[in-house]
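The structure appears right after this line, and notes come after that.
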Amino acid sequence: LIMTLSLTLGAAAQQSDIQGTIQSQFDAFKADDFETAFTFATPRLQQLFQNPQNFQQMVTRGYPMVWKWGAVTFLDLRDLGAEWVQIVEVEDAGGGVHLLAYRMVETPEGWRIGGVQILDAPGVAA
């Protein structure tokens, strides 16, 4: 019983930390603070984009729903071993609804976003 309770509390703490990281990045995007938003990416993604300006171009062109969002709802969290995937429903500024899969990686600095995939879902905007 104690081991089960311990595992449950550990998973809840990870879920809270993961969702906190994602929400913090959403908040930075809403404030047009791409320097802060860039800090929530994994070191691998930071190396790939090189600087917050390149990251900003990718986000504003490829993921406008996370840049100018209206509402965020955290759905399913999946443990895939080396990484976790958080499914997030995002309502964009125009009211369109999008489903995204956030690949989350635990680093020495905490949970970081390792990638985002736009999911196809019935009744959800693409």
### Message
Between P64 and D92, is there a side-chain heavy-atom distance shorter than 4.5 Å?
### Response
no
### Query
How about I113 and R103: do any of their side-chain heavy atoms sit closer than 4.5 Å?
no
### Query
Ring centroid separation for W69 and F26, is it under 6.0 angstrom?
yes
### Message
Once salt bridge (Lys or Arg N to Asp or Glu O under 4.0 Å) is applied, what residue pairs with a partner in residues 56-79 remain, sequence neighbours excluded?
### Response
D32-K68, D76-R78
### Message
Applying side chain to side chain contact (heavy atoms under 4.5 Å, CB included) to V88 and V116, what does each step give before you reach the verdict?
### Response
CA-CA 10 Å; V88 180; V116 178; over 6 Å; no
### Message
Can you confirm whether or not the ring centre of F29 sits under 6.0 Å from the ring centre of F34?
### Response
yes
### Query
Between A28 and A37, what is the shortest heavy-atom contact and its length?
CB-N, 3.7 Å
### Message
Do L119 and L100 have side chains that approach each other closer than 4.5 Å (heavy atoms only, starting at C-beta)?
### Response
no
### Separation of Y63 OH from H98 NE2 (nearest 0.5 Å)
12.5 Å
### Query
How many angstroms lie between atom CE of M65 and atom CD of E89, to the nearest 0.5 angstrom?
12.5 Å
### Query
Do L99 and I87 have side-chain heavy atoms sitting under 4.5 Å apart?
yes
### Task
Quickly, which of I18, V85, L80 forms a side chain to side chain contact (heavy atoms under 4.5 Å, CB included) with M104? Name it, please.
I18
### Query
Could you state the interatomic distance from CZ (R112) to CD1 (I22), rounded to the nearest 0.5 Å?
12.0 Å
### Query
What pairs meet the side chain to side chain donor-acceptor pair (under 3.5 Å) rule with one or both residues in residues 35-59, with sequence neighbours excluded?
D33-T36
### Task
Answer whether the closest heavy-atom distance between the side chains of L77 and W84 falls below 4.5 Å.
yes
### Task
Please identify each residue that fulfils ring-ring contact (aromatic ring centres under 6.0 Å, His included) with F40, with sequence neighbours left out.
none
### Message
Working to the nearest 0.5 angstrom, can you tell me the gap between E83 CD and W111 CH2?
### Response
9.5 Å
### Heavy-atom check, side chain of Y102 versus side chain of V66, under 4.5 Å
yes
### Query
Considering all heavy atoms of both residues, which atom of F74 and which atom of Q19 are nearest to each other, and what is their separation?
CB-NE2, 3.4 Å
### Query
How close do I118 and G62 get, heavy atom to heavy atom, and via which atoms?
CD1-O, 3.9 Å
